[in-house]
Amino acid sequence: MDTHDVEGKYAAASRQRQEHVDAVVAATTGNKIVVAGPGTGKTYLFRQVLAGKKNTLTLTFVNALVEDLSLELFGLSEVRTLHGFARQQLKKLTQKDVEVFSKLSAVIREDAVVLLDNDIDFDPLFYNKSDPDERIEFYRRRRVYYDHYGFSDMVYAAVRLFEKHPERIPVYSQVVVDEFQDFNAVEVALIELLASKSPILLAGDDDQALYESLKSASTQYIRQRYGDVTSGYASFTLPYCSRTTRVIVDATNDIISGAAENGCLRGRINKPFRYFDEPQKDKESERNPQLVYTQVYAAQIPWFIQKRVEDIAKEVRDKFTVLLISPTGPKSRQVVNALREKGFENIHCKEKQESAEPTLLEGLNLLLKDPVSNLGWRVATKGLLPDDEFRSLLAKTSDADSSGRLRDILTPERKREVNALLTLLRAVRDGKSPGDEAHMTDLLKRVGVDAVGMGTEYLRDHITPPTNRVVDHGIRKVFMRATTIPGSKGLAADYVFITHFDDLYFIRDKDKNQVSDQDICGFLVALTRAQKKVFLISSDRKKIPTFLKWIDDARIHTMKCDLRQKRRANKRIDQE
């Protein structure tokens, strides 16, 4: 192809991509829905739609996307999570401060066990907008008593207030909603209420739905609105992917075809996903024509990542980014810890090691802010009292209203115990000496901090001779981010390593070995985070992963690892 033909190809590609954006912007209908695959330019579209308009709103539920969108849409739109927007509106509607405790539903679930002798999972009731319901009324009374909202009930409360007072629904010149494929019933209800007053643009991709099991989300909402003229939404697509290399786009389409052949993704929105012809991306595609697949033992995954990062550094001789995607949080932390031991110094973990249950420290934090907080005393005493004493205390609050104080029914001894801990925490917060080291050691133990373990790790890091570091100095500071599949949403990197790429971890129904739609969507999200190359690392040396079988063999480079060479290298390092 001569130079003129090449330039014509790129010009045609740019023109075709822009035509899809222009079609959305030019449409005169009030409500629009855009189905856009990974890397197809949603943010660029948002800027075009919002340009020149005042008083606009952009909503998503992914915190990482809020930060990116806030920067890229700076000056064009107010950008909020659904929770942030609901909190803002509740404050306006009630004329009261709205305090939020993310684990409130877990607190009230424990209350229901004690007070109702009934274990109630409240979150799905709110997610699915299950009203009227006497269980929700119990939750409401306890929420008022604790004077806090949780995440799930906060959106529900905003919806109920808007339904009761539709004249209070805010009006915008344009509302943009991202990641609509992962919305649940109550979130959709909030969007429809906004749509009654303002033009709405919904954006999402049912091939990237991740939250069905986490928050009762459903792809039915995006599918119902797309392509149905009676829905009131004009339908559009963004088909051109400018993020990834050609092989990743082709492999993505292979997975979708494989899913269809296996009876999965039924009802899926049929839309094109095409590679975007662009000079620099074409060069990257030529340099990286295949996905890399390997089988190693789980303990050897960090070694494989290290060797490939060394290879990349030798090839590109420039800065590059790495994203490590693991199927679970524990697997991610194992890989990160091993890489850090090897000497990698610039690894960022996106996953928080956070207890699902409320902790003593969280209760004490609430009390530092408000010494009479019912919720603070409730959470703190749960972490301090024997179970029988705690249940007895909680039973005394069964008829309490918002004017009651849990602190007032505690024994003086228990109040002194909590206040002593608060005194230590205030000293730490204010940069003062906490006094008696024994008391501080006791506090750390109570809040679950392993002081000896942390100290040991610190000492080990500072006394390890540099010669024991396996990683070459030139790649120690390569930027790496480690996360799980849900945590990778909204992220991208030059090179992506998908670890523990085995049916054991990537297919949830392990007994029947049956692939679910969510399994497929999860893998598609992980696969399309890469801008240049993907490494698929299996830890099962006997079985080929199902998803690998769905990808055309020509797109896979199977890398055989010389494990004996690895053992010799480790032995040499140990001797040094």
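Keep in mind that the numbers below use all heavy atoms, side chains included, and drop hydrogens, waters and symmetry copies.
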Within 45° of the six-membered ring axis of Y240 and under 6.0 Å from that ring's centre, is NZ or CZ of R274 located there?
yes
Should the pair K215 and Y127 be classed as cation-pi, given the thresholds of under 6.0 Å to the six-membered ring centre and 45° from the axis?
no
Start with the C-alpha gap between L375 and Y145, add the side-chain angles, then the distance that decides, and say whether side-chain contact (heavy atoms from CB on, under 4.5 Å) holds.
CA-CA 8 Å; L375 182 60; Y145 179 64; over 6 Å; no
One pair to check against salt bridge (charged side-chain N to carboxylate O under 4.0 Å, His left out): K197 and E167. What are the steps and the verdict?
CA-CA 9 Å; K197 297 290 185 72; E167 74 281 359; over 6 Å; no
Run the salt-bridge test on [X] and [Y] with the 4.0 Å N-O cut-off and return the result as yes or no.
X: K91; Y: E99; value: no
X: E192; Y: R225; value: yes
X: R378; Y: D111; value: yes

Could you verify whether a donor N or O on one side chain and an acceptor N or O on the other, from N128 and S130, lie under 3.5 Å apart?
no
Polar side chain donor-acceptor pair, T483 to S488, under 3.5 angstrom:
no
Quick one: sort the W550 and F547 rings into parallel, tilted or perpendicular, breaks at 30° and 60°.
perpendicular
So do the side chains of F390 and T381 get within less than 4.5 Å of each other, counting heavy atoms only?
yes
Close side-chain approach of T81 to L59, heavy-atom, < 4.5 Å:
no
Any residue meeting ring-ring contact (aromatic ring centres under 6.0 Å, His included) with [X], in chain and number order, not counting sequence neighbours:
X: Y211; answer: F61
X: F122; answer: Y139
X: F506; answer: F501
X: F101; answer: none

Quick one: salt bridge (charged side-chain N to carboxylate O under 4.0 Å, His left out) pairs with a partner in residues 150-160, sequence neighbours left out?
D131-R160, R160-E163
L73 vs R47, side-chain contact (heavy atoms from CB on, under 4.5 Å): CA-CA, chis, key distance, verdict:
CA-CA 6 Å; L73 302 180; R47 288 200 298 267; 3.5 Å; yes
Stepwise side-chain contact (heavy atoms from CB on, under 4.5 Å) test for E362 and K103:
CA-CA 10 Å; E362 288 171 326; K103 299 179 182 178; 3.1 Å; yes
Less than 3.5 Å apart, which donor and acceptor atoms pair up between the side chains of residues 262-272 and the rest of the protein, not counting sequence neighbours?
{"unit_1": "N262", "atom_1": "ND2", "unit_2": "G258", "atom_2": "O", "d": "2.7"}
{"unit_1": "R266", "atom_1": "NE", "unit_2": "G263", "atom_2": "O", "d": "3.2"}
{"unit_1": "R268", "atom_1": "NE", "unit_2": "D207", "atom_2": "OD1", "d": "2.8"}
{"unit_1": "R268", "atom_1": "NE", "unit_2": "D207", "atom_2": "OD2", "d": "3.1"}
{"unit_1": "R268", "atom_1": "NH2", "unit_2": "D207", "atom_2": "OD2", "d": "3.0"}
{"unit_1": "K271", "atom_1": "NZ", "unit_2": "D205", "atom_2": "OD1", "d": "3.2"}
{"unit_1": "K271", "atom_1": "NZ", "unit_2": "D206", "atom_2": "OD1", "d": "2.4"}
{"unit_1": "K271", "atom_1": "NZ", "unit_2": "D207", "atom_2": "OD2", "d": "3.1"}
{"unit_1": "K271", "atom_1": "NZ", "unit_2": "I269", "atom_2": "O", "d": "3.2"}

With salt bridge (charged side-chain N to carboxylate O under 4.0 Å, His left out) as the test, would you mind laying out the steps for E179 and K42 before giving the verdict?
CA-CA 10 Å; E179 303 296 329; K42 282 191 300 181; 3.2 Å; yes
Exam field: side chain N253 to backbone V249, donor-acceptor pair closer than 3.5 Å
yes
Judged by atom type as modelled, is there a donor-acceptor pair below 3.5 Å linking the side chain of W377 to the main-chain atoms of P371?
yes
side-chain contact (heavy atoms from CB on, under 4.5 Å) for L161 and R168? Distances and angles first, verdict last.
CA-CA 9 Å; L161 281 170; R168 305 288 298 278; over 6 Å; no
Run the numbers on E78 and R80 for salt bridge (charged side-chain N to carboxylate O under 4.0 Å, His left out), then give the verdict.
CA-CA 7 Å; E78 174 188 1; R80 290 187 178 272; 2.4 Å; yes
